[in-house]
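Notes for the one structure printed next.
In this text, all values refer to a predicted model and were calculated from it rather than measured experimentally.
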Amino acid sequence: MGRPIGRPFSGKPRAEVGLAKISVIRFGALGDCILLCPFLEHLKRTASARVTVVTKRAYVELFSAARGVDRIVAIDEKAGLRGLRQAVRA
């Protein structure tokens, strides 16, 4: 079928490979962002991953209080996809 969930592609133990990197992009309504926070904590704990949230500037403070977030990338809503590309590369 496929490879087991949580197992690195190389087949080496996770300690040898390093942490997985997961980016979550969330620009939606405030309620959606609030409901996402417990999932991010669970994701970090179970996947042993480095979690980055890409969001609009208005939600930076919310995600900075979330326990499962390692990095927050804030973009200007008016910048569109170009702003998203530039923010993620930084």
Note to self: Evaluate Arg71 against Val53 for side chain to side chain contact (heavy atoms under 4.5 Å, CB included), listing each step before the verdict.
What the structure shows: CA-CA 6 Å; Arg71 179 177 174 224; Val53 174; over 6 Å; no

Next item on the list: Indicate if Ile34 and Val60 have the same hydrophobic cluster label, given that clusters are the connected sets of ILVMFWY residues with side-chain heavy-atom separations under 4.5 angstrom.
Entry: yes

Notebook entry, point to check: Got Val54 and Val24 here, is their nearest side-chain heavy-atom distance under 4.5 Å?
Noted result: no

Next item on the list: Measure the spacing between CG of Leu35 and CZ of Arg26 and express it to the nearest 0.5 Å.
Entry: 10.0 Å

Check: Is it true that a side-chain atom of Asp70 and a backbone atom of Val51 form a donor plus acceptor pair closer than 3.5 Å?
Finding: yes

Note to self: Keeping Thr55 on the side-chain end and Ala74 on the backbone end, is there a donor-acceptor pair under 3.5 Å?
What the structure shows: no

Margin query: Can a donor-acceptor pair be found, under 3.5 Å and without considering hydrogens, that links the side chain of Tyr59 to the backbone of Phe27?
Written below: no

Check: Distance from Lys56 atom NZ to Ile75 atom CD1, nearest 0.5 Å?
Finding: 10.0 Å

Checklist line | Result of checking Ile22, Val69, Leu36 against Leu43 for side-chain contact (heavy atoms from CB on, under 4.5 Å) | finding: Ile22

Check: Looking only at atom types and distance, does a side-chain atom of Lys44 sit under 3.5 Å from a main-chain N or O of Ala49, one as donor and one as acceptor?
Finding: yes

Item checked: Spatial distance of atom SG (Cys37) from atom CZ (Arg67) [nearest 0.5 Å] -> 10.5 Å

Item checked: Separation between OG of Ser23 and CZ of Arg50, rounded to the nearest 0.5 Å -> 9.5 Å

Notebook entry, point to check: About how many Å separate CZ of Arg57 and CD1 of Ile72, when rounded to the nearest 0.5 Å?
Noted result: 12.5 Å

Item checked: Stepwise side chain to side chain contact (heavy atoms under 4.5 Å, CB included) test for Thr52 and Val73 -> CA-CA 7 Å; Thr52 299; Val73 176; 3.9 Å; yes

